[in-house]
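What follows is a short report on a single structure.
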Amino acid sequence: MTSFDIEKLPFTPQHLRIWQQEDRRFINWPVVYVLDDGKRVYVGETLNTAARMRQHLESPTRGTLKVVRLILDDTFNKSVCLDLESQLIALLAADGKFTVLNSNKGIVDADYYDRPKYRENFKEVFDALREQEVFTRSLPELENRELFKLSPFKALNRDQAIVMEDILEGLFDDWEDEAAAPITVQGDPGTGKTIVAVYLLKLLRDIAEGNGLDDPEGDALFSDFFTPDNHRRLGASRVGLVVPQQALRASLKRVFAQTPGLDRTMVLTPFEVGKSDEPWDLLVVDESHRLNHRANQASGMQNKSFGEINHKLFGADADHLTQVDWIRKQSRHQIFLIDSRQSVRPADLPQETQKALIAEADRSHRHYGLFTQMRVQGGRDYVSFARALVGGLPREREDFGDYELRLFDDLGDMHAAIRARDAEVGLSRLVAGYAWEWKSKSDPKAHDIEIDGQRLQWNQTQTDWITSAGALEEVGSIHTVQGYDLNFAGVIIGPDLRFDEESQRIVFDRSNYFDKKGIENNPRLGIVYSDDDVLRFVTNVYSVLLTRGVLGTYVYVVDRALRERLRTLIHPR
């Protein structure tokens, strides 16, 4: 593969005219380019650089940019350029040096001939641009940042792109219908539900603000939705993203704050939605399975608010009302992203409510599914295996390719392996089920987990724990990691799960479970949760933890009988 060139020029008609006379690739050749003024950046690709540069010079937003870098390679074709363009947009957004001016017209992760070789070449392009101070961080640093993992500029896979197109068609078809059915999107861990939510909101804001309406290159996947009619529909619309979990919500607020067209105030709690006096045109709900029904909330203030919101919206604090009802009352249109098997507490949306929501959307042909595994390199087979590992116990291990699944007999050894992986690739952490008291919450010097001579504390911060300074020496709980990626996860399966030799099944040990909200009965609704009821939530917790690792999962099991049972599955003879 021939080497590339990066031509750096002042972004003026005169300098572009001189270059055009000297290089044949200026008129009819696939080129990727980067425009910037030190604060703002725009990335594009074109087959006709001369015409495209003239159009940018005439644009009110891009015509004031100062420098153009033309990335040239004799082997480039259209597919390669689209891929490199999308990579650079996502990485520049994650780096944070520039405000990215691109709109979300259809960045898709498409395959093409010799893609692995070109992807290696892209790393050299990145290094060259970093030498020119276009980037301030290394490639591994950027790929591990939440701004990259949660970016609205991430390329969609084909599965996500099809769902996105279906959502947009359904949403615009129903836009004038005040009684439109909700849209639901269902997917396993790692299928990119959060990415779909963030990408969609950025795309809708770009349409609303008219970004891309003047763009003559109309072959991007979602170009057909950038119409004057849709611009008019969305122009004065109020849209928001509802995120029940505190940690994920804080991360998404930061992403929205740094993305043109989005704002941190668009990321909402369910309580903020319920209390608002101003309705929304569209609410997108991520992790909808974590919405609550009328159960005891995390604080007395929230319990009071739950009743007040029900009175405000419906005239009475009726027991059947849930946060789904608040969202539907407070918005004309709703999109619920959901995975019923990630409910981890009794207060979470009941299974029957989730099923009814999906069924309603399905009857109106507004239910869509995500199936391609984007996080775990072991693929869908590993996700199914992990869920069965703490649920129904799979009969045998399947082939997960290069995905590294290991069982440890000593917690210190597993922690050492996680430290080594963190030094190697970053984002490697210990996580555990809620099988130990959180003593360090009230006594910072106390140790929470003591096993095999190891003395560890739970995560010392509720938000940004994964990237916090002490995270490598702490243990993350479900409430700090749900919705996030790790490169390697060291999962401690605590004494809350045991293997019963007599019944040959995994059972729940209530005496070793310390999430008070995870076992709390609901006297208001007359619900008493049996050990088998709670077992479903606890196995969901471990299923989530076992599917955080992108490159691998390490497992330590406290209960010896369960450890030996899992040994036959994780390391079959």
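Cation-pi check for Lys329 over Trp326 is not met; the charged atom does not lie both under 6.0 angstrom from the ring centroid and within 45 degrees of its normal.
Between the side chains of Arg328 and His333, no donor N or O sits under 3.5 Å from an acceptor N or O. Of the N and O atoms on the side chains of Tyr556 and Asp452, at least one donor lies less than 3.5 Å from an acceptor on the other residue. No side-chain donor-acceptor contact under 3.5 Å links Asn296 and Asn522. A donor atom on one side chain and an acceptor atom on the other are found under 3.5 Å apart for Tyr542 and Asp496. With no hydrogens or angles considered, no side-chain donor-acceptor pair links Trp175 and Asp281 at under 3.5 Å. Side chains of Glu146 and Tyr484: no donor on one and acceptor on the other come within 3.5 Å. Side-chain atoms of Asn540 and Ser343 form no donor-acceptor pair, as typed in the model, at a separation below 3.5 Å. There is a side-chain donor-acceptor pair under 3.5 Å between His367 and Gln186. Looking at Gln460 and Ser468, their side chains never bring a donor and an acceptor atom within 3.5 Å of each other. Using modelled atom types and a 3.5 Å distance limit, the side chains of Ser530 and Asp532 yield no donor-acceptor pair. A donor atom on one side chain and an acceptor atom on the other are found under 3.5 Å apart for Asp500 and Ser503. Gln334 and Ser331 share a donor-acceptor pair across their side chains, judged by distance under 3.5 Å alone. A donor atom on one side chain and an acceptor atom on the other are found under 3.5 Å apart for Trp465 and Glu474.
Using a cut-off of 4.0 Å between Lys/Arg side-chain N and Asp/Glu carboxylate O, Asp286 and Lys193 are scored as not salt-bridged. Looking at Lys517 and Glu520, a side-chain N of the basic residue comes within less than 4.0 Å of a carboxylate O on the acidic one, giving a salt bridge. With salt bridges taken as basic N to acidic carboxylate O contacts below 4.0 Å, one links Arg510 and Asp531. Ionic pairing of Glu564 and Arg567 is present here: one or more N-O contacts between side-chain nitrogen and carboxylate oxygen are shorter than 4.0 angstrom.
Applying the salt bridge (Lys or Arg N to Asp or Glu O under 4.0 Å) rule to pairs touching residues 546-561 yields nothing, sequence neighbours excluded.
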Evaluation steps, side chain to side chain donor-acceptor pair (under 3.5 Å), between Asn487 and Ser428:
CA-CA 6 Å; Asn487 286 324; Ser428 301; 5.5 Å; no
Any chance you could lay out the ring-ring contact (aromatic ring centres under 6.0 Å, His included) test for Trp458 and Phe514, step after step, and finish with the verdict?
CA-CA 12 Å; Trp458 283 115; Phe514 295 92; 9.7 Å; no
Could you go step by step and tell me if Arg294 and Asp319 meet the salt bridge (Lys or Arg N to Asp or Glu O under 4.0 Å) rule?
CA-CA 6 Å; Arg294 195 65 172 101; Asp319 290 344; 5.4 Å; no
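No donor-acceptor pair under 3.5 Å is formed between the side chain of Arg429 and the backbone N or O of Phe488.
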In a table with atom names and distances, give each donor-acceptor pair under 3.5 Å that connects a side chain of residues 379-388 to protein atoms at least two apart or in another chain.
residue : atom : partner : partner atom : Å
Arg380  : NE   : Phe371  : O            : 3.4
Tyr382  : OH   : Leu546  : O            : 2.7
Tyr382  : OH   : Thr553  : OG1          : 3.3
Ser384  : OG   : Arg380  : O            : 3.2
Arg387  : NH1  : Asp188  : OD1          : 2.9
Arg387  : NH2  : Asp339  : OD1          : 3.4
Arg387  : NH2  : Asp339  : OD2          : 2.7

